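Accompanying notes for the structure given below.
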Amino acid sequence: MAAGTEPPDPDPWRPFETDLLAQVVAALTAMGEPADPEVIRSLLDLEGGPQGDAALPVHRLAAAAKVPPSEFADAVLAAIRPRGNVESVSARGAYLNFGADSVRLTERTLRAVFTLGPSYGHRAPTPESACVEHTSANPTGPFHVGRVRNALIGDTLARALRAAGTPLTTHYYVDDLGRQTAMITWIWTKPLEQWPDEIRATMEGASPDEKPDHYRGRPYPAVSAYLKTHPIEAQEVADLVHRLETGKAPPEHRALAEEILSGMVRSLARLGVSFDEFVWESDFVRSGAVDQVLGRLQHAPHARMEENGAWAIDTTTYGLPKEQTHVVFQRGNGTSLYVSRDVAYHLAKFARFGWVIDVLGQDHQLHARTLNALLAELGEARRPEFVIYQDITVPDGGRMSTRKGSAIWLDQLLAEAVERARQEVLARREGLSAEEVEHIAEAVATGAVRYHILRVAPEKPVVFHWEDALSFEGRSGPFCQYSYARASSVLRKPEAGSPPYAFEADRLVAPDEAALIRLIARFPRVVEQSAHRAHVHSIAGYAHDLAERFNRFYHAVPVLRSGDEKASRVALVAAVRQTLGNALDLLGVTRLETM
RNA sequence: GGGCCCGUAGUAUAGCUUGGAUAUCACGGAGGCCUCCGGAGCCUCAAACCCGGGUUCGAAUCCCGGCGGGCCCGCCA
């Protein structure tokens, strides 16, 4: 192959496709058939059929030529000349199957992996900046597993977008206004001995040493229930809400929210989830941005004042559900509502970012449409992109609910997962230090949890089962980690030598090798697609496929025990390790050199 | 009542955007594989596109209608 100096194409499959397309077009042209490259491209199946690396069903072309499909396929076969990166063509029925030049593909793929290393699968930076807002749970208590789906989808999408070249900022929108946080402040600003008995009972056995989200969040469900039957206290909370919304929060309010939030964020950090910025809803009230929005909305095309002085937008023209003929954006008492504050927040995001993405649970679907309607009323042309995911429910039906007591805490899940992982490690390995055991157990546990939640497409509902969430085998995070550790183990052996790994592409032609290389080559497209379509679960699927392919190769083909092929196979193992590692990084699953 | 999402082997999932050949992978089930580079592994087998119409040469995929599950429809967030 020519000059090793030119930078490798980051997408190893591209030259094959370029050549293939050109050759098909040339063949059709030679046959006197119309050959619009865009049309041909849309017909090509580049995932490859059962017979090769790419397939072309010719039914449509044959119909246009008024020739039976299989006859047409044979005619194209006779007219086409495979060369360059295309090695073979064959016809089967109405399908043409193409094979890539394996040696060139291998050369290109391994060279790209070794040259780009941790950046293999990543793209060059693009100019448009983006903001991903996710999680944004009210700071009123610990995360339950249902909420974690938001955090993991958002965090992984952010990783994928960064890999795809997007300059990205992540946001956690902290809702410190409204009833939820008001209830927390209401109860905690009273001395414990003044708490109503049924609320104080929830503090039984509590210790201030608990994580603050658990400790401060303890009375929340009881407070919520209590207020339903105690109108006087409910009024106190309502008054507090009014103070919050008019920028007159008591000093303890923000501190309590921050304290609880710190505990929540600590749990997410164990899962590798972090945020660039925390954006506080109250800041938009304080800065006057919300008042500005209210003022502008009052002059919006479909604005009108209700009987008691509240303001609303007539939304009948926005295609919202029939019942929702108007959206109130300002109360009769002059204060703002959640949507109007969200409008202020989004205007601020539009001012800074070219692309605004919100990860929302399905219960926020209508809110999203309402938000869009208000943005339209303001004459704002831009819209956020919503990534909507379905709930994680508990087996006996229903969402996880803190108030109903059906929630499974993230911390509880992690504790159980770590304990199981520790047992596994102790059963399998000896001679590890206590720190090593803990490190592996933590990585396996968090890897299992992250992978388990990420592997399902966001639009699918998920029922939580402990056994599945804690599985370390099959389609799981630990399975991927295991394969990575196994590849690492091979490369650590003295016989494996050390990088840079030299290889001869024509020695990697066994079926298990060819299949593995093709999968490695696909990685950049998987990343690009999953970022583009906000389908991060396909990265999880890819990591499993790659790990599985590697295990098959490993069992079928000797590496260190082989002869002339040894160096090339070691290089292939190194390429697998790099690619699988990059995929694990995107998933936020910790790489383990040993486990 | 209206709106949005989902329905694929016993269980759980991929494929659906852009229709194409034998529908992916796992758990569970049946049967195999460690004198061998890590058995959290590998090999073989059985097993699925909710129902009914439509469009099409061709439908898991697109359209319509059912049925089943989830969520939403507040001067809450």
Side-chain angles (χ1 to χ4, degrees), chain A residues 42-43 45 47 49-51 55-60 62-63 68-69 92-95 97 138 175 177-181 241 281 306 308-312 319-324 327-333 335-339 341-342 361-369 388-391 393 397-399 421 424-425 427-429 444 455-463 465 467-468 471-476 478-483 485-491 493 495-496 533 535 537-538 541 544-545 547-548 551-552 554-562 569-570 573 594-595:
Chain A
S42 72
L43 293 175
D45 176 7
E47 299 291 305
Q51 309 286 321
L56 178 70
V58 301
H59 308 83
R60 221 175 300 230
R92 182 182 169 199
Y95 298 85
N97 294 294
N138 290 338
D175 179 4
L177 304 181
R179 230 172 110 83
Q180 270 89 350
T181 47
V241 169
E281 188 178 19
E306 311 277 292
N308 66 346
W311 281 83
L320 292 166
K322 286 197 182 93
E323 288 73 11
Q324 189 156 17
V327 171
V328 175
F329 62 87
Q330 181 176 322
R331 293 195 185 91
N333 68 9
T335 57
S336 60
L337 285 104
Y338 176 68
V339 238
R341 289 175 231 134
D342 211 19
Q362 68 158 331
D363 53 334
H364 281 65
Q365 184 93 45
L366 183 57
H367 167 72
R369 294 172 65 180
I388 306 285
Y389 65 93
Q390 302 295 307
D391 293 309
T393 56
R399 291 200 287 173
E424 287 290 321
V425 176
R428 290 162 197 278
R429 302 286 305 278
V444 166
R455 57 194 261 241
V456 183
E459 64 269 19
K460 307 272 187 176
V462 169
V463 180
H465 293 289
E467 323 82 71
D468 299 342
S471 170
F472 296 160
E473 51 186 44
R475 200 172 47 203
S476 72
F479 174 87
C480 301
Q481 290 170 309
Y482 178 79
S483 300
R486 181 183 247 178
S488 301
S489 168
V490 171
L491 296 172
K493 299 273 189 284
E495 315 92 275
R533 296 175 52 188
H535 264 180
H537 69 286
S538 54
H544 176 267
D545 290 349
E548 186 206 27
N551 284 334
R552 280 201 232 175
Y554 180 87
H555 279 273
V557 179
V559 178
L560 298 177
R561 297 184 296 135
S562 58
R569 287 179 181 165
V570 166
V573 172
T594 177
M595 65 186 276

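Quantities reported herein were computed from a predicted structural model and do not represent experimental measurements. Within every chain, numbering begins at 1; the chains are lettered A, B, ... in the order of the sequence lines, protein sequences first and strands thereafter.
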message = Measuring from the side chain of A:M595 (C-beta onward, heavy atoms only), which nucleotide among B:C72, B:G20, B:G38 has the closest atom?
response = B:G38
request  = Look at A:R552 and B:C43 and indicate whether a side-chain polar atom (N or O) is within less than 4.0 Å of OP1 or OP2.
outcome  = yes
message = Categorize A:R455 for me: base, sugar-phosphate, or nothing, with a 4.0 angstrom heavy-atom threshold over every strand shown.
response = sugar-phosphate
request  = Nearest whole angstrom, please: distance from the P of B:C73 to the NE2 of A:H364.
outcome  = 10 Å
request  = Let me know the distance between CD of A:Q390 and P of B:G69, rounded to the nearest Å.
outcome  = 16 Å
ask   = Can A:Y95 be said to stack with the base of B:A21, given centres closer than 5.5 angstrom and planes under 30 degrees apart?
value = yes
key: Identified pairing partner of B:G31, criterion: Watson-Crick or G-U wobble below 3.5 Å   = B:C43
inquiry  = Ring-plane angle category for A:H367 and A:Y338, please: parallel below 30°, perpendicular beyond 60°, tilted otherwise.
reply    = tilted
key: Atom pair distance, as rounded to whole Å: CD in A:E47 and C1' in B:U22   = 17 Å
Out of B:A12, B:G38, B:C76, whichever nucleotide has its closest atom nearest the side chain of A:L337 = B:C76
query = How is A:K493 classified with respect to the nucleic acid when contacts are heavy atoms under 4.0 Å: base, sugar-phosphate, or nothing?
reply = sugar-phosphate
key: Below 4.0 Å: OP1/OP2 of B:A14 and any side-chain N or O of A:R475   = no
request  = When you get a sec, tell me which of B:G39, B:G20, B:A21 is the closest nucleotide to the side chain of A:P57?
outcome  = B:G20
ask   = Checking all strands, does A:S489 fall into the base, sugar-phosphate, or nothing category for heavy-atom contacts under 4.0 angstrom?
value = base
ask   = Which part of the nucleic acid, if any, lies within reach of A:R341 when heavy atoms closer than 4.0 Å are counted: base, sugar-phosphate only, or nothing?
value = sugar-phosphate
task = Indicate whether OP1 or OP2 belonging to B:A14 is found under 4.0 Å from a side-chain N or O atom of A:K460.
result = yes
request  = Tell me the partner of B:C67, counting only Watson-Crick (N1-N3 plus N6-O4 or O6-N4) or G-U wobble (N1-O2 and O6-N3) with both under 3.5 Å; none if nothing fits.
outcome  = B:G7
ask   = Base, sugar-phosphate, or nothing: which does A:G93 touch, judged by heavy atoms less than 4.0 Å apart?
value = nothing
ask   = Between A:Y338 (OH) and B:C75 (P), how many Å, whole number?
value = 16 Å
message = Mind checking if A:N138 touches a base, just sugar-phosphate, or nothing, with heavy atoms under 4.0 Å?
response = sugar-phosphate
query = Just checking A:Q365: base, sugar-phosphate only, or nothing, at a heavy-atom cut-off of under 4.0 Å?
reply = sugar-phosphate
query = Is a donor-acceptor contact shorter than 3.5 angstrom present between the side chain of A:H59 and the base of B:G58?
reply = no
ask   = Using a cut-off of 4.0 Å on non-hydrogen atoms, how would the nucleic acid contact of A:Q330 be classed: base, sugar-phosphate, or nothing?
value = nothing
key: Minimum-distance nucleotide (side-chain atoms of A:N551 versus B:C75, B:G70, B:C42)   = B:C42
task = Can you label the angle between the A:Y95 ring and the A:H59 ring as parallel, tilted or perpendicular, going by 30° and 60°?
result = perpendicular
query = Looking for any heavy atom pair under 4.0 Å, which part of the strands does A:S476 touch: base, sugar-phosphate only, or nothing?
reply = nothing
inquiry  = Students often get this wrong, so: under 4.0 angstrom with heavy atoms, is A:H465 touching a base, only sugar-phosphate, or nothing?
reply    = nothing
query = For B:G20, does OP1 or OP2 lie under 4.0 Å from any side-chain N or O of A:R92?
reply = no
Listed nucleotide nearest any side-chain atom of A:V490, set B:C37, B:C71, B:G70 = B:C37
task = Assign A:V559 to base, sugar-phosphate, or nothing according to its heavy-atom contacts below 4.0 angstrom with the strands shown.
result = base
note = Regarding the side chain of A:L366, the nearest nucleotide among B:C72, B:G41, B:U13 is B:C72
Options B:C25, B:C75, B:C37, nucleotide nearest the side-chain atoms of A:L560 = B:C37
query = Of all the choices, B:G7, B:C76, B:G41, which nucleotide is nearest to the side chain of A:R331 once you look at every atom?
reply = B:C76
inquiry  = Distance criterion of 3.5 Å, no angle test: do you see the side chain of A:S483 paired donor-to-acceptor with the base of B:G41?
reply    = no
task = With the side chain counted from C-beta on, respond yes when A:E473 and A:Y482 share a heavy-atom pair under 4.5 Å apart, and no when they do not.
result = no
ask   = For A:Q362 and B:G3, what is the distance between atoms CD and C1' respectively, to the nearest whole Å?
value = 12 Å
inquiry  = Regarding A:P461, tell me which of base, sugar-phosphate or nothing describes its non-hydrogen contacts under 4.0 Å with the strands shown.
reply    = sugar-phosphate
Residue A:R486, side-chain heavy atoms: nucleotide from B:G39, B:C16, B:C37 that is nearest = B:G39
query = Would you say the side chain of A:N97 and the base of B:A21 hold a donor-acceptor pair, judged only by whether the two atoms sit under 3.5 Å apart?
reply = yes
ask   = Side-chain N or O of A:H537 less than 4.0 angstrom from OP1 or OP2 on B:C25?
value = no
